[in-house]
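Working notes for the structure below.
Note that these values count all heavy atoms, side chains included, but never hydrogens, waters or copies made by symmetry. Below, read A as the first sequence line, B as the second, and so on, with proteins coming before strands; counting in each chain starts at 1.
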Amino acid sequence: MEELARGFVQAFNLIFSFEPALYEIIWLSLRVTGLALAISVIVGVPIGAALGLSRLRLRGLITALLYTGMGLPPVVVGLFVYLFLSRSGPLGGLGWLFTPSAMVVAQVIIAFPLVAGLTMTTVQGIDPALRLQVRSLGATPWQEIWAVLREARIGVIAAIVAAFGGIISEVGAVMLVGGNIEGKTRVLTTAIVLNTRTGSFDLALALGVILLSLAFLANVAMLQLQRRAGD
Amino acid sequence: MDAVYQLSDLRKEYGARTILDIAALEIHAGEIFALVGPSGAGKSTLLRLLNFLEPPSSGRIVYRAQTLNGNVPIETRRQVTTVFQRPVLLRATVRANVAYGLALRGERADRRVDEMLERVGLQSLAHAFAHKLSGGEMQRVALARALVIDPQVLLLDEPTANLDPYNVGLIEQIVREHNRARGTTVVLITHNVFQAKRLANRVGLMLGGRLVEVQATPAFFDAPRDPRTAAFVRGEMVY
Ligand SMILES: Nc1ncnc2c1ncn2[C@@H]1O[C@H](COP(=O)(O)OP(=O)(O)OP(=O)(O)O)[C@@H](O)[C@H]1O
Ligand SMILES: [Mg+2]
């Protein structure tokens, strides 16, 4: 317990030491996760919505794939991305291995199934009578889809929250494909691992507290959005 | 008299079941037409076809001299609206729900919305969340939402089911007034023959997807041609 309290104090001191290395780590964490989340949302929400609205025969198979994707162990994702991006891999020419780009790719692969899968589930849960009702009130097909998405917005926000939580705290994949290189690919989670391993528990704990605070703030912001959505 | 709808040989099938089989029916401009019949007769199905929400399996719907099969242009679709048996409100305020049809048409939620809220007695609930209302309040929101777009045709699917007598009277009065003031054509499904008698100019009885009898209201009740109509009006079970 005392350690935890010390961690908080240390975290506080660290943040206000304005140590550039620390801010670099925080900033990279936010950039990588923010970009990965944005890509997953831009691609995943429309795909999830389309799957939720359609009556494709293939949907069963796609659903099974997405649900599997939602439970993928991040290290396995990291391993595959590593193999693809390594010099002898099919995408080795990009030169992305051990760069933030590789970390973004890995996080997109982790976050996308969460966003698309949970969006699909909540869209499917919308009362089918709603679509008839809005059509009857004069909605065009696009307005009808928009209405369904608006009704599902609380669930869509929850999907985004789940995906954010999944990747901001993820360590296995970013460690493998980023390499935890100081000043280049070191993020909060990999820095925590490193400092724990080298016995700098105070620093590790302080970084952990910062990570938790970031996740907490992000979730509060999204909850605020959800509340404004009417529940 | 001008016909808003002319239906001929209209059939609707779901799988192998024929749910609707109407040889001929005309709905006149500006009338209140009541559709009565037991549960499962196909009344709601007919309303979905009249609102162009589903295409018929075969037969013809002529709407204001346009034969409409397959794709119905949005401008035509927007002349007709339904208040469904079970109101489906959007996750939004009462006012936003009532303004929704106007928003779809790119129109502003202006005085018309507030006047309509007042008309259905919901002005004090304008900023309440719609899904927290009582059943009767939801029905009134659904009616206000349909009336505010001033449709040519208003389709009402048991708009007063499960309501107390006060709300029933209120809704009947609003429908009657709107029909008189705006010349709106109304097709009203009701289980309550007395409501049909109070509101309608003409009444049709549906049984097993077919129209058994269509008559002007006084004749429907006082001089029915079909024995099944006579029995239905007396409140007996008919099949
Ligand atoms: N989409 C559908 N697919 C299959 N069957 C349907 C569908 N919609 C309606 N039916 C069937 O059509 C029949 C008529 O239904 P409909 O809802 O039109 O009856 P109704 O006269 O409105 O009854 P109620 O008074 O109980 O509302 C019912 O047997 C119903 O099960
Ligand atoms: Mg019905």
Side-chain angles (χ1 to χ4, degrees), chain A residues 41 45-46 48-50 52-57 59 115 118-162 221-231, chain B residues 44-45 47-54 71-94 96-107 127-132 138 141-157:
Chain A
V41 167
V45 169
L53 290 170
S54 73
R55 265 180 235 113
L56 276 183
R57 199 152 296 173
R59 197 171 73 182
V115 173
L118 293 176
T119 298
M120 179 184 76
T121 311
T122 116
V123 165
Q124 276 172 347
I126 296 296
D127 188 351
L130 176 93
R131 298 180 67 182
L132 275 192
Q133 176 67 76
V134 301
R135 214 182 301 162
S136 163
L137 286 165
T140 63
W142 284 112
Q143 286 177 325
E144 186 181 322
I145 291 169
W146 183 240
V148 173
L149 272 180
R150 274 182 60 91
E151 284 301 289
R153 63 197 182 273
I154 290 176
V156 174
I157 293 171
I160 298 170
V161 170
M222 304 231 219
L223 272 176
Q224 215 51 41
L225 267 180
Q226 241 178 10
R227 172 135 344 132
R228 223 179 305 155
D231 238 24
Chain B
S44 298
T45 303
L47 239 52
R48 286 198 299 279
L49 297 194
L50 294 179
N51 200 171
F52 316 113
L53 298 175
E54 285 176 33
N71 247 349
V72 179
I74 182 78
E75 304 78 44
T76 306
R77 216 150 51 66
R78 283 184 171 170
Q79 296 177 7
V80 185
T81 193
T82 306
V83 175
F84 288 95
Q85 205 161 358
R86 185 169 60 85
V88 188
L89 302 184
L90 301 166
R91 231 168 225 291
T93 62
V94 167
N97 267 279
V98 173
Y100 183 68
L102 296 175
L104 289 176
R105 288 157 177 76
E107 292 174 33
H127 299 288
F129 275 109
H131 50 280
K132 294 186 176 146
M138 286 192 185
V141 173
L143 183 65
R145 180 172 63 179
L147 289 177
V148 79
I149 58 182
D150 197 15
Q152 304 275 336
V153 179
L154 178 63
L155 305 171
L156 302 173
D157 197 344

Check for a donor-acceptor pair, side chain of [X] on one end and backbone N or O of [Y] on the other, with a separation under 3.5 Å.
X        : Y       : result
B/Asn97  : B/Thr93 : yes
A/Glu151 : B/Arg91 : yes
A/Thr119 : A/Val45 : no

Worksheet entry | Stepwise side chain to side chain contact (heavy atoms under 4.5 Å, CB included) check, A/Gln143 with A/Arg135 | CA-CA 9 Å; A/Gln143 286 177 325; A/Arg135 214 182 301 162; over 6 Å; no
Looking at chain A, which one of [options] has the largest number of heavy-atom pairs inside 4.5 Å, strictly under?
options                              : result
B/Thr81, B/Ile149, B/Leu104, B/Val88 : B/Leu104
B/Arg77, B/Arg48, B/Glu54            : B/Arg77
B/Val80, B/Asn51, B/Leu155           : B/Asn51

Item to complete: Say whether B/Arg145 and A/Gln133, considering side chains only, have a donor N or O and an acceptor N or O under 3.5 Å apart.
Response: yes
Worksheet item: Does the pair B/Arg86/A/Asp127 count as a salt bridge with the N-to-O cut at 4.0 Å?
Response: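 A/Asp127 and B/Arg86: salt-bridged.
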By a 4.5 Å heavy-atom criterion (distance strictly below it), what part of [X] contacts chain A: side chain, backbone, both, or neither?
X        : result
B/Tyr100 : side chain
B/Ile74  : side chain
B/Leu89  : backbone
B/Leu53  : both
B/Val83  : neither

